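Each remark here refers to the structure printed beneath this line.
Both backbone and side-chain heavy atoms feed into the values below; hydrogens, waters and symmetry mates do not. Keep in mind it's a predicted model, so treat the numbers as computed, not measured. Protein chains get the first letters and strands the later ones, always in sequence-line order, with residue 1 at the start of each.
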2 protein chains.
Amino acid sequence: MSVGHTGVTTSAESGSAGPVIVCETPQDECGVRDVLDRLGDKWSVYVVVELTPGTKRFKELQRAIPGNISQRMLTLTVRRLERDGLVKRTVYPTVPPQVEYELTELGRSLTHLVKALADWSIAHRPAIAASQAAWDAAHTGEGMRG
Amino acid sequence: MSVGHTGVTTSAESGSAGPVIVCETPQDECGVRDVLDRLGDKWSVYVVVELTPGTKRFKELQRAIPGNISQRMLTLTVRRLERDGLVKRTVYPTVPPQVEYELTELGRSLTHLVKALADWSIAHRPAIAASQAAWDAAHTGEGMRG
DNA sequence: CTGTATCCGCTGGGATACTG
DNA sequence: CAGTATCCCAGCGGATACAG
(Lines give C-alpha, C1' and ligand atoms only; values in the text may rest on other atoms or scores of the structure.)
Protein backbone atom coordinates (compact mmCIF):
# COMPACT_ATOMS: atom_id res chain seq x y z
CA MET A 1 0.00 0.00 0.00
CA SER A 2 1.02 3.55 -0.44
CA VAL A 3 -0.47 5.40 2.45
CA GLY A 4 -0.08 3.26 5.51
CA HIS A 5 -1.71 0.24 6.99
CA THR A 6 -5.24 1.38 6.39
CA GLY A 7 -5.00 2.30 2.78
CA VAL A 8 -7.31 4.68 1.01
CA THR A 9 -9.75 2.33 -0.60
CA THR A 10 -12.42 1.35 1.84
CA SER A 11 -13.83 -1.93 0.70
CA ALA A 12 -14.01 -2.33 -3.04
CA GLU A 13 -11.39 -4.00 -5.16
CA SER A 14 -9.00 -4.42 -2.27
CA GLY A 15 -10.21 -7.59 -0.64
CA SER A 16 -12.52 -10.18 -2.03
CA ALA A 17 -13.84 -11.31 1.34
CA GLY A 18 -15.64 -8.21 2.54
CA PRO A 19 -19.12 -7.58 1.20
CA VAL A 20 -19.78 -5.12 4.03
CA ILE A 21 -23.28 -4.31 2.84
CA VAL A 22 -25.34 -6.72 0.86
CA CYS A 23 -27.54 -4.08 -0.69
CA GLU A 24 -30.78 -5.99 -0.92
CA THR A 25 -33.12 -3.06 -1.28
CA PRO A 26 -33.34 -1.55 -4.75
CA GLN A 27 -32.27 1.99 -4.21
CA ASP A 28 -33.97 3.52 -1.22
CA GLU A 29 -31.58 3.43 1.68
CA CYS A 30 -28.93 1.44 -0.04
CA GLY A 31 -26.63 4.22 -1.05
CA VAL A 32 -26.77 5.96 2.27
CA ARG A 33 -23.82 4.01 3.54
CA ASP A 34 -21.60 5.37 0.81
CA VAL A 35 -22.05 8.89 2.02
CA LEU A 36 -22.29 8.10 5.68
CA ASP A 37 -19.09 6.10 5.62
CA ARG A 38 -17.40 9.18 4.29
CA LEU A 39 -19.22 11.51 6.63
CA GLY A 40 -18.68 9.24 9.56
CA ASP A 41 -14.96 9.35 8.96
CA LYS A 42 -14.66 11.64 11.94
CA TRP A 43 -12.59 14.14 9.98
CA SER A 44 -14.00 14.28 6.45
CA VAL A 45 -16.78 16.63 7.42
CA TYR A 46 -14.38 19.07 8.96
CA VAL A 47 -12.23 19.05 5.86
CA VAL A 48 -15.27 19.82 3.75
CA VAL A 49 -16.30 22.56 6.15
CA GLU A 50 -12.87 24.13 6.23
CA LEU A 51 -12.60 23.95 2.47
CA THR A 52 -15.97 25.56 1.91
CA PRO A 53 -14.65 29.14 2.13
CA GLY A 54 -11.89 28.35 -0.32
CA THR A 55 -8.55 26.74 -1.02
CA LYS A 56 -6.33 25.72 1.84
CA ARG A 57 -2.89 24.20 2.18
CA PHE A 58 -2.13 21.03 4.07
CA LYS A 59 -0.83 22.73 7.17
CA GLU A 60 -3.59 25.32 7.13
CA LEU A 61 -6.13 22.57 7.00
CA GLN A 62 -4.48 20.80 9.88
CA ARG A 63 -4.46 23.93 12.00
CA ALA A 64 -8.00 24.91 11.06
CA ILE A 65 -9.56 21.61 11.99
CA PRO A 66 -10.60 21.43 15.64
CA GLY A 67 -9.57 18.42 17.64
CA ASN A 68 -5.93 18.23 16.60
CA ILE A 69 -6.02 15.92 13.62
CA SER A 70 -2.78 14.02 13.12
CA GLN A 71 -0.76 14.28 9.94
CA ARG A 72 -1.56 10.72 9.15
CA MET A 73 -5.30 11.09 9.46
CA LEU A 74 -5.39 14.32 7.52
CA THR A 75 -3.48 12.65 4.71
CA LEU A 76 -5.79 9.66 4.71
CA THR A 77 -8.86 11.85 4.86
CA VAL A 78 -7.96 14.15 2.00
CA ARG A 79 -6.82 11.18 -0.07
CA ARG A 80 -10.17 9.49 0.35
CA LEU A 81 -11.97 12.73 -0.42
CA GLU A 82 -9.79 13.13 -3.49
CA ARG A 83 -10.51 9.59 -4.58
CA ASP A 84 -14.21 10.22 -4.19
CA GLY A 85 -13.90 13.30 -6.34
CA LEU A 86 -14.98 15.70 -3.62
CA VAL A 87 -11.64 17.40 -3.27
CA LYS A 88 -9.05 18.51 -5.80
CA ARG A 89 -5.39 18.34 -4.87
CA THR A 90 -2.87 20.58 -6.54
CA VAL A 91 0.85 20.16 -6.05
CA TYR A 92 3.24 23.00 -6.69
CA PRO A 93 6.70 21.51 -7.18
CA THR A 94 8.43 24.21 -5.22
CA VAL A 95 10.92 24.06 -2.39
CA PRO A 96 9.56 23.61 0.15
CA PRO A 97 6.68 21.75 -1.47
CA GLN A 98 3.27 23.32 -1.46
CA VAL A 99 -0.01 21.49 -1.84
CA GLU A 100 -3.39 23.12 -2.10
CA TYR A 101 -6.74 21.53 -1.54
CA GLU A 102 -10.08 22.75 -2.77
CA LEU A 103 -13.57 21.41 -3.16
CA THR A 104 -14.65 20.17 -6.54
CA GLU A 105 -18.08 20.84 -7.97
CA LEU A 106 -19.18 17.56 -6.46
CA GLY A 107 -17.73 18.53 -3.13
CA ARG A 108 -19.44 21.88 -3.17
CA SER A 109 -22.75 20.19 -3.86
CA LEU A 110 -22.35 18.51 -0.50
CA THR A 111 -21.66 21.62 1.51
CA HIS A 112 -25.28 22.67 1.78
CA LEU A 113 -26.13 19.26 3.19
CA VAL A 114 -23.34 19.52 5.71
CA LYS A 115 -24.62 22.98 6.52
CA ALA A 116 -28.11 21.60 7.04
CA LEU A 117 -26.70 18.92 9.30
CA ALA A 118 -24.77 21.48 11.28
CA ASP A 119 -27.83 23.71 11.58
CA TRP A 120 -29.95 20.82 12.77
CA SER A 121 -27.30 19.83 15.23
CA ILE A 122 -26.98 23.31 16.66
CA ALA A 123 -30.71 23.83 16.77
CA HIS A 124 -31.47 20.58 18.55
CA ARG A 125 -28.42 20.17 20.70
CA PRO A 126 -30.19 21.53 23.76
CA ALA A 127 -33.05 19.08 23.27
CA ILE A 128 -30.64 16.21 22.75
CA ALA A 129 -28.59 17.18 25.77
CA ALA A 130 -31.72 17.40 27.87
CA SER A 131 -32.87 14.01 26.69
CA GLN A 132 -29.50 12.51 27.45
CA ALA A 133 -29.47 14.04 30.90
CA ALA A 134 -32.94 12.69 31.58
CA TRP A 135 -31.97 9.27 30.30
CA ASP A 136 -28.82 9.24 32.37
CA ALA A 137 -30.71 10.33 35.43
CA ALA A 138 -33.27 7.60 34.95
CA HIS A 139 -30.58 5.00 34.44
CA THR A 140 -27.99 5.80 37.06
CA GLY A 141 -27.21 2.78 39.14
CA GLU A 142 -28.80 0.30 36.81
CA GLY A 143 -26.05 -2.25 37.06
CA MET A 144 -23.49 -0.38 39.07
CA ARG A 145 -25.20 0.59 42.28
CA GLY A 146 -22.98 -1.56 44.50
CA MET B 1 -22.33 -1.00 32.87
CA SER B 2 -25.66 -2.30 31.81
CA VAL B 3 -25.38 -2.97 28.14
CA GLY B 4 -22.03 -4.51 27.51
CA HIS B 5 -18.44 -3.39 27.31
CA THR B 6 -19.11 -0.41 25.13
CA GLY B 7 -21.83 1.23 27.11
CA VAL B 8 -24.40 3.63 25.75
CA THR B 9 -22.92 6.94 26.73
CA THR B 10 -20.35 8.00 24.21
CA SER B 11 -17.97 10.34 25.94
CA ALA B 12 -19.56 12.57 28.50
CA GLU B 13 -19.70 11.88 32.20
CA SER B 14 -18.30 8.38 31.79
CA GLY B 15 -14.58 8.95 31.77
CA SER B 16 -12.62 11.99 32.79
CA ALA B 17 -9.76 11.42 30.39
CA GLY B 18 -11.46 11.80 27.03
CA PRO B 19 -12.05 15.33 25.73
CA VAL B 20 -12.57 13.93 22.23
CA ILE B 21 -13.31 17.33 20.73
CA VAL B 22 -12.01 20.51 22.26
CA CYS B 23 -14.65 22.71 20.70
CA GLU B 24 -12.61 25.83 20.15
CA THR B 25 -14.81 27.45 17.55
CA PRO B 26 -17.88 29.25 18.84
CA GLN B 27 -20.68 27.46 17.11
CA ASP B 28 -20.04 27.03 13.42
CA GLU B 29 -18.86 23.51 12.89
CA CYS B 30 -18.65 22.61 16.49
CA GLY B 31 -21.89 20.76 16.90
CA VAL B 32 -21.51 18.79 13.72
CA ARG B 33 -19.72 16.03 15.54
CA ASP B 34 -22.69 15.42 17.79
CA VAL B 35 -24.88 14.48 14.89
CA LEU B 36 -22.20 12.86 12.80
CA ASP B 37 -21.13 10.63 15.64
CA ARG B 38 -24.65 9.39 15.78
CA LEU B 39 -25.04 9.20 12.02
CA GLY B 40 -21.67 7.60 11.61
CA ASP B 41 -22.70 4.84 13.94
CA LYS B 42 -23.02 2.57 10.92
CA TRP B 43 -26.50 1.49 11.99
CA SER B 44 -28.28 4.52 13.43
CA VAL B 45 -29.23 5.88 10.05
CA TYR B 46 -30.80 2.62 9.03
CA VAL B 47 -32.81 2.51 12.21
CA VAL B 48 -34.09 6.00 11.54
CA VAL B 49 -34.87 5.09 7.96
CA GLU B 50 -36.71 1.92 8.91
CA LEU B 51 -38.64 3.73 11.60
CA THR B 52 -39.69 6.53 9.27
CA PRO B 53 -42.75 4.69 7.91
CA GLY B 54 -43.91 3.85 11.42
CA THR B 55 -43.52 1.74 14.55
CA LYS B 56 -41.50 -1.43 14.42
CA ARG B 57 -40.65 -4.17 16.89
CA PHE B 58 -37.13 -5.24 17.77
CA LYS B 59 -37.08 -8.27 15.54
CA GLU B 60 -38.79 -6.44 12.70
CA LEU B 61 -36.15 -3.77 12.87
CA GLN B 62 -33.41 -6.36 12.84
CA ARG B 63 -34.86 -8.08 9.80
CA ALA B 64 -35.56 -4.83 7.97
CA ILE B 65 -32.08 -3.44 8.29
CA PRO B 66 -29.77 -4.48 5.46
CA GLY B 67 -26.39 -5.89 6.31
CA ASN B 68 -27.42 -8.30 9.06
CA ILE B 69 -27.12 -6.22 12.17
CA SER B 70 -26.37 -8.27 15.26
CA GLN B 71 -28.65 -8.29 18.28
CA ARG B 72 -25.98 -6.59 20.28
CA MET B 73 -25.49 -3.71 17.88
CA LEU B 74 -29.20 -3.19 17.37
CA THR B 75 -29.65 -2.95 21.11
CA LEU B 76 -26.80 -0.51 21.47
CA THR B 77 -28.00 1.56 18.54
CA VAL B 78 -31.61 1.92 19.65
CA ARG B 79 -30.46 2.63 23.20
CA ARG B 80 -28.28 5.47 22.04
CA LEU B 81 -31.04 6.79 19.83
CA GLU B 82 -33.41 6.56 22.78
CA ARG B 83 -30.96 8.38 25.00
CA ASP B 84 -30.64 11.12 22.42
CA GLY B 85 -34.39 11.45 22.33
CA LEU B 86 -34.71 10.45 18.70
CA VAL B 87 -36.50 7.20 19.35
CA LYS B 88 -39.19 6.21 21.79
CA ARG B 89 -39.19 2.73 23.25
CA THR B 90 -42.38 1.15 24.49
CA VAL B 91 -42.40 -2.12 26.41
CA TYR B 92 -45.51 -4.26 26.57
CA PRO B 93 -45.14 -6.59 29.55
CA THR B 94 -46.59 -9.56 27.74
CA VAL B 95 -45.36 -13.09 27.31
CA PRO B 96 -43.39 -13.25 25.17
CA PRO B 97 -42.22 -9.67 25.68
CA GLN B 98 -42.96 -7.15 23.02
CA VAL B 99 -41.08 -3.90 22.51
CA GLU B 100 -41.98 -1.27 19.99
CA TYR B 101 -39.78 1.47 18.66
CA GLU B 102 -40.90 4.68 17.01
CA LEU B 103 -39.42 8.01 16.09
CA THR B 104 -40.04 10.94 18.38
CA GLU B 105 -40.80 14.41 17.11
CA LEU B 106 -37.11 15.11 17.29
CA GLY B 107 -36.33 11.96 15.39
CA ARG B 108 -38.84 12.79 12.69
CA SER B 109 -37.25 16.19 12.29
CA LEU B 110 -34.12 14.37 11.20
CA THR B 111 -35.73 12.16 8.59
CA HIS B 112 -35.83 14.81 5.91
CA LEU B 113 -32.11 15.36 6.36
CA VAL B 114 -31.45 11.66 6.10
CA LYS B 115 -33.62 11.66 3.03
CA ALA B 116 -31.59 14.50 1.55
CA LEU B 117 -28.42 12.61 2.29
CA ALA B 118 -29.79 9.48 0.67
CA ASP B 119 -30.92 11.44 -2.37
CA TRP B 120 -27.55 13.07 -2.73
CA SER B 121 -25.84 9.75 -2.37
CA ILE B 122 -28.00 8.09 -4.99
CA ALA B 123 -27.72 11.02 -7.35
CA HIS B 124 -23.95 11.26 -7.17
CA ARG B 125 -22.98 7.66 -6.71
CA PRO B 126 -22.15 7.24 -10.39
CA ALA B 127 -19.91 10.29 -10.30
CA ILE B 128 -18.22 9.10 -7.13
CA ALA B 129 -17.74 5.62 -8.49
CA ALA B 130 -16.25 7.04 -11.67
CA SER B 131 -13.90 9.23 -9.71
CA GLN B 132 -12.83 6.31 -7.59
CA ALA B 133 -12.23 4.16 -10.62
CA ALA B 134 -10.15 6.90 -12.21
CA TRP B 135 -8.18 7.41 -9.04
CA ASP B 136 -7.57 3.71 -8.65
CA ALA B 137 -6.49 3.41 -12.25
CA ALA B 138 -4.06 6.29 -11.82
CA HIS B 139 -2.65 4.82 -8.65
CA THR B 140 -2.31 1.14 -9.37
CA GLY B 141 1.16 -0.06 -8.54
CA GLU B 142 2.26 2.99 -6.65
CA GLY B 143 4.08 1.19 -3.89
CA MET B 144 3.25 -2.39 -4.68
CA ARG B 145 4.64 -2.98 -8.11
CA GLY B 146 7.50 -5.20 -6.95
C1' DC C 1 6.36 21.73 4.16
C1' DT C 2 4.13 17.40 2.62
C1' DG C 3 3.95 12.82 3.01
C1' DT C 4 4.99 7.76 4.08
C1' DA C 5 5.99 3.55 7.04
C1' DT C 6 5.85 1.39 11.54
C1' DC C 7 4.38 0.39 16.14
C1' DC C 8 0.60 0.11 19.26
C1' DG C 9 -3.52 0.97 22.12
C1' DC C 10 -8.33 1.45 22.05
C1' DT C 11 -12.91 0.69 20.68
C1' DG C 12 -16.36 -0.89 17.50
C1' DG C 13 -18.58 -4.72 16.45
C1' DG C 14 -19.43 -9.88 15.37
C1' DA C 15 -20.42 -14.65 17.46
C1' DT C 16 -22.13 -16.94 21.08
C1' DA C 17 -24.27 -18.37 25.40
C1' DC C 18 -27.38 -17.27 28.97
C1' DT C 19 -31.57 -14.84 31.35
C1' DG C 20 -36.46 -13.40 31.85
C1' DC D 1 -39.10 -12.36 21.72
C1' DA D 2 -36.00 -8.96 23.94
C1' DG D 3 -31.89 -8.19 26.19
C1' DT D 4 -27.40 -8.88 28.65
C1' DA D 5 -22.63 -10.53 29.36
C1' DT D 6 -18.30 -12.43 27.59
C1' DC D 7 -14.83 -13.52 24.31
C1' DC D 8 -12.24 -12.04 20.60
C1' DC D 9 -10.62 -9.91 16.52
C1' DA D 10 -10.10 -6.29 12.86
C1' DG D 11 -9.64 -1.73 12.06
C1' DC D 12 -9.27 3.21 13.24
C1' DG D 13 -6.49 6.45 14.67
C1' DG D 14 -2.53 8.52 17.58
C1' DA D 15 2.65 9.00 18.18
C1' DT D 16 6.78 8.78 16.17
C1' DA D 17 10.58 8.41 12.92
C1' DC D 18 12.04 8.95 8.46
C1' DA D 19 12.18 10.81 3.29
C1' DG D 20 11.74 14.07 -0.54
Side-chain angles (χ1 to χ4, degrees), chain A residues 1-11 14-15 17-22 36-38 40-44 46 56-63 65 67-80 82 89-101 139 142-144, chain B residues 1-11 14-15 17-22 33 36-38 40-44 46 56-63 65 67-80 82 89-101 139 142-144 146:
Chain A
M1 275 307 182
S2 57
V3 73
H5 61 100
T6 306
V8 175
T9 61
T10 308
S11 62
S14 51
V20 183
I21 283 292
V22 195
L36 269 307
D37 279 355
R38 205 63 61 249
D41 253 5
K42 181 181 184 181
W43 296 118
S44 300
Y46 282 119
K56 271 197 176 64
R57 298 180 53 177
F58 187 88
K59 202 75 179 193
E60 285 181 294
L61 220 36
Q62 188 174 22
R63 270 191 287 262
I65 293 174
N68 290 318
I69 183 173
S70 64
Q71 243 179 9
R72 193 180 105 84
M73 288 318 296
L74 182 53
T75 301
L76 281 173
T77 303
V78 293
R79 279 298 180 291
R80 275 192 280 249
E82 188 195 0
R89 177 169 170 268
T90 310
V91 181
Y92 297 95
T94 60
V95 174
Q98 175 165 346
V99 181
E100 288 189 347
Y101 295 93
H139 291 249
E142 209 64 2
M144 49 186 280
Chain B
M1 277 306 181
S2 56
V3 75
H5 62 98
T6 305
V8 175
T9 60
T10 309
S11 63
S14 49
V20 182
I21 283 293
V22 194
R33 274 261 67 80
L36 269 307
D37 279 355
R38 207 64 60 246
D41 254 4
K42 182 180 184 181
W43 296 118
S44 300
Y46 282 119
K56 271 197 175 65
R57 298 179 53 176
F58 188 87
K59 203 76 182 192
E60 284 181 294
L61 220 35
Q62 189 174 21
R63 270 191 286 262
I65 293 174
N68 291 318
I69 184 173
S70 64
Q71 241 178 7
R72 191 179 107 82
M73 287 318 297
L74 182 53
T75 300
L76 282 173
T77 302
V78 293
R79 279 295 181 293
R80 276 193 278 249
E82 188 195 3
R89 178 170 169 267
T90 310
V91 181
Y92 298 95
T94 60
V95 174
Q98 176 164 347
V99 180
E100 285 189 348
Y101 295 92
H139 290 250
E142 209 64 2
M144 48 188 280

| request: State, yes or no, whether a side-chain contact exists between V78(B) and E82(B) at a heavy-atom distance under 4.5 Å. | output: no
| field | Below 4.0 Å: OP1/OP2 of dT2(C) and any side-chain N or O of R89(A) | value | no
| Heavy atoms, side chains only, cut-off 4.5 Å: are T75(A) and F58(A) in contact? | yes
| Can you tell me how far P of dG14(C) sits from CG of N68(B), to the nearest Å? | 9 Å
| message | Classify Y92(A) by what it touches in the nucleic acid, base, sugar-phosphate, or nothing, heavy-atom distance under 4.0 Å. | response | nothing
| query | Given dG14(C), dT4(C), dT4(D), which nucleotide is nearest the side-chain atoms of M73(B)? | reply | dG14(C)
| Within the structure, does a side-chain N or O atom of R72(A) lie under 4.0 Å from either OP1 or OP2 of dT6(C)? | no
| query | Rounded to whole angstroms, how far apart are CD on E60(B) and C1' on dG3(D)? | reply | 17 Å
| task | Check every atom of dT2(C), dC1(D), dC1(C) against the side chain of F58(A) and return the nucleotide holding the closest atom. | result | dT2(C)
| field | Distance below 4.0 Å between Y101(B) side-chain N/O and dC1(D) OP1 or OP2 | value | no
| Presence of K42(A) side-chain N/O under 4.0 Å of dG14(D) phosphate oxygens OP1/OP2 | yes
| remark: note: L61(B), atom CG; dG3(D), atom P; distance rounded to Å ~ 10 Å
| request: Write down the distance between CD (Q98(A)) and C1' (dG3(C)), rounded to a whole number of angstrom. | output: 15 Å
| query | Is R57(B) near enough to dA2(D) that one of its side-chain N or O atoms lies under 4.0 angstrom from OP1 or OP2? | reply | yes
| request: Select one nucleotide: of dG14(D), dG3(C), dT4(D), the one nearest the side-chain heavy atoms of Q71(B). | output: dT4(D)
| said: Between P on dG12(C) and CG on L76(B), what's the gap in Å once rounded to a whole number? | reply: 9 Å
| request: Rounded off to whole Å, could you give me the CZ-to-C1' distance for the R79(A) and dG13(D) pair? | output: 17 Å
| query | For I69(A) and P97(A), take the nucleotide of DNA chain D holding the closest heavy atom to each; which residue's nucleotide lies nearer the 5' end? | reply | I69(A)
| query | When the distance from NE2 of H139(A) to P of dG3(D) is rounded to whole Å, what number comes out? | reply | 12 Å
| Point-to-point distance, once rounded to the nearest 0.5 Å, from CG of L74(A) to CZ of R63(A) | 11.5 Å
| said: Can you tell me how far apart NZ (K59(A)) and CD (Q98(A)) are? Round to the nearest 0.5 Å. | reply: 14.0 Å
| Test item: L76(A) and M73(A) side chains (from C-beta on) under 4.5 Å apart, heavy atoms | yes
| note | Rounded to whole Å, the CZ-P distance (R80(B) to dT11(C)) equals 13 Å
